[in-house]
Amino acid sequence: MKEGRWIAVGRLDVNTQGLLLVTNHGELANRLMHPSFEMEREYAVRVLGNVSDEMLERLRRGIALEDGPARFETIVEAGGEGANHWYHVTLKEGRNRIVRRLFEALGVTVSRLIRIRYGSIALPPRLKACTFYEMTEKEVADLMTQVGLTPEPAAAPARAPKPSKTALPRQESPERPTRRNGRPQRPGGGRNKF
């Protein structure tokens with residue numbers, strides 16, 4: 001982008017992976033994050049230790065945390081072996097470390113946490129870590145409608161500028177400054193600058 005700024009919708013702490021939405025539309029970001037819109041977030045959670053049916057029911061009903069009560073909207077068992085078990089949980093709030101704190105309140109350690117859905121946007125299954133996917137105009141329009149915004153009309157595709165005829169001439173073999181020993185000097189005086 002040449003103008004404006006990117007806004008991260010929500011956050012992922014250092015030990016959490018998964019979906020992170022980024023937009024340059026301020027009102028859309030606000031509505032996606034504001035608690036009054038109750039955007040559902042879904043996480044894949046791997047826990048270490050046994051979780052009883054009674055504990056799962058407590059997580060559904062609600063647990064008192066230091067900053068108020070919290071609960072999962074849904075909890076679905078998603079497999080696992082031995083001491084590690086996976087669950088898919090959904091909630092409608094984005095308090096700091098809320099998923100981990102709910103399990104920790106019952107004495108269970110979360111060993112892996114991945115956000116797999118935010119509202120209607122699901123993490124594409126083939127998207128690798130540290131890569132991105134640009135949403136289609138329809139996906140953006142659907143998301144805007146979901147939070148009560150009117151989708152913006154599609155912009156005409158930008159055309160690439162034609163090469164200027166007043167461009168600097170291309171040099172065939174640029175000469176590089178040399179040091180006293182005859183070796184080429186690096187740009188910037190020979191020292192790496194970061």
Side-chain angles (χ1 to χ4, degrees), residues 1-47 51 56 58-78 86-106 108-155 158:
M1 274 195 324
K2 297 196 176 181
E3 296 178 8
R5 65 188 177 101
W6 291 112
I7 304 163
V9 175
R11 60 189 174 273
L12 295 174
D13 66 36
V14 151
N15 298 318
T16 304
Q17 296 178 307
L19 180 66
L20 181 63
L21 298 176
V22 181
T23 181
N24 62 350
H25 193 292
E27 184 58 26
L28 176 60
N30 180 51
R31 291 188 184 206
L32 288 170
M33 291 185 282
H34 200 278
S36 65
F37 286 92
E38 296 187 332
M39 291 301 293
E40 196 170 74
R41 297 133 168 102
E42 183 176 355
Y43 293 85
V45 186
R46 185 178 69 190
V47 297
V51 180
L56 293 175
R58 284 185 63 196
L59 289 168
R60 285 186 196 98
R61 277 190 321 233
I63 294 175
L65 301 174
E66 63 274 3
D67 56 351
R71 70 184 189 91
F72 293 128
E73 298 294 319
T74 63
I75 305 174
V76 177
E77 195 167 345
W86 283 94
Y87 295 90
H88 284 199
V89 300
T90 60
L91 51 112
K92 291 185 177 179
E93 58 180 305
R95 279 191 266 169
N96 191 28
R97 299 185 68 248
I98 190 74
V99 175
R100 290 179 192 279
R101 291 190 301 145
L102 279 167
F103 278 103
E104 287 168 1
L106 299 177
V108 178
T109 302
V110 172
S111 59
R112 188 135 184 234
L113 183 60
I114 306 167
R115 183 161 55 203
I116 56 175
R117 185 170 57 84
Y118 198 110
S120 61
I121 306 301
L123 182 65
R126 293 190 178 150
L127 192 65
K128 295 181 181 177
C130 301
T131 61
F132 71 93
Y133 159 75
E134 189 170 340
M135 293 170 58
T136 66
E137 289 178 13
K138 182 181 181 337
E139 288 171 325
V140 174
D142 290 346
L143 190 59
M144 291 181 79
T145 302
Q146 186 179 354
V147 296
L149 291 173
T150 304
E152 297 172 357

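Small disclaimer: the values here were computed from a predicted structure and weren't measured. Counting begins at 1 with the first residue of the sequence.
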(Q) To the closest 0.5 Å, what do you measure between CZ (Arg61) and CZ (Arg71)? (A) 11.5 Å
Q) Got a sec, which residues hit ring-ring contact (aromatic ring centres under 6.0 Å, His included) with Phe72, two or more places apart in sequence or on another chain? A) Phe103
Q: Answer yes if the side chains of Arg31 and Gln146 hold a donor-acceptor pair under 3.5 Å, and no otherwise.
A: no
**Q.** Polar side-chain atom of Tyr43 near backbone of Leu91 as donor-acceptor pair, under 3.5 Å
**A.** no
Q) So how far is it from Leu106 CG to Arg58 CZ, rounded to the nearest 0.5 Å? A) 5.0 Å
(Q) Tell me the closest heavy-atom pair linking Ile7 and Gly26, and the distance in Å. (A) CD1-CA, 3.7 Å
Q | Closest non-hydrogen atom pair between Gly10 and Leu20, with its separation | A | O-CD1, 4.0 Å
Q.
With side-chain contact (heavy atoms from CB on, under 4.5 Å) as the criterion, how do Arg41 and Leu19 come out once you've worked through the C-alpha distance, each side chain's angles and the decisive distance to 0.1 Å?
A. CA-CA 10 Å; Arg41 297 133 168 102; Leu19 180 66; over 6 Å; no
**Q.** Residue Glu66 excluded, over 12 heavy atoms near CD under 6.0 Å
**A.** yes
Q: Of all the heavy-atom pairs spanning Gly18 and Leu12, show the shortest one and how long it is.
A: O-CD1, 3.6 Å
(Q) Using every non-hydrogen atom in the two residues, find where Val147 and Phe37 come nearest and quote the distance to one decimal. (A) O-CE2, 3.5 Å
Q. For the atom pair CZ (Arg115) and CG (Leu123), what is the distance rounded to the nearest 0.5 Å?
A. 10.0 Å
(Q) Would Ile114 and Trp86 count as a side-chain contact (heavy atoms from CB on, under 4.5 Å) here? Give the steps. (A) CA-CA 11 Å; Ile114 306 167; Trp86 283 94; 4.1 Å; yes
**Q.** From Asp13 atom CG to Asn96 atom CG, the distance as rounded to the nearest 0.5 Å
**A.** 7.0 Å
**Q.** Full working for side-chain contact (heavy atoms from CB on, under 4.5 Å) between Leu28 and Val9
**A.** CA-CA 9 Å; Leu28 176 60; Val9 175; over 6 Å; no
(Q) Please report the interatomic distance CG(Leu113) to CG(Asn15), rounded to the nearest 0.5 Å. (A) 9.0 Å
(Q) Evaluate Thr90 against Arg117 for side-chain contact (heavy atoms from CB on, under 4.5 Å), listing each step before the verdict. (A) CA-CA 9 Å; Thr90 60; Arg117 185 170 57 84; 3.7 Å; yes
Q. Tell me, do Val51 and Tyr87 make a side-chain contact under 4.5 Å, heavy atoms counted?
A. yes
Q. Roughly how far, to the nearest 0.5 Å, is the CE atom of Met33 from the CG atom of Leu21?
A. 10.0 Å
**Q.** Distance-minimising heavy-atom pair for Met135 and Ile121
**A.** CE-CD1, 3.4 Å
Q.
When you compare the side chain of Leu143 with that of Leu32, does any pair of heavy atoms fall below 4.5 Å?
A. yes
Q.
Checking the side chain of Arg95 only, and the main-chain atoms of Asp67 only, is there a donor and an acceptor separated by less than 3.5 Å?
A. yes
(Q) Quick one, Ser111 and Arg46 - any side-chain contact, counting heavy atoms below 4.5 Å? (A) yes
Q.
For the residue pair His25 / Thr23, report whether a side-chain donor-acceptor contact shorter than 3.5 Å exists.
A. no
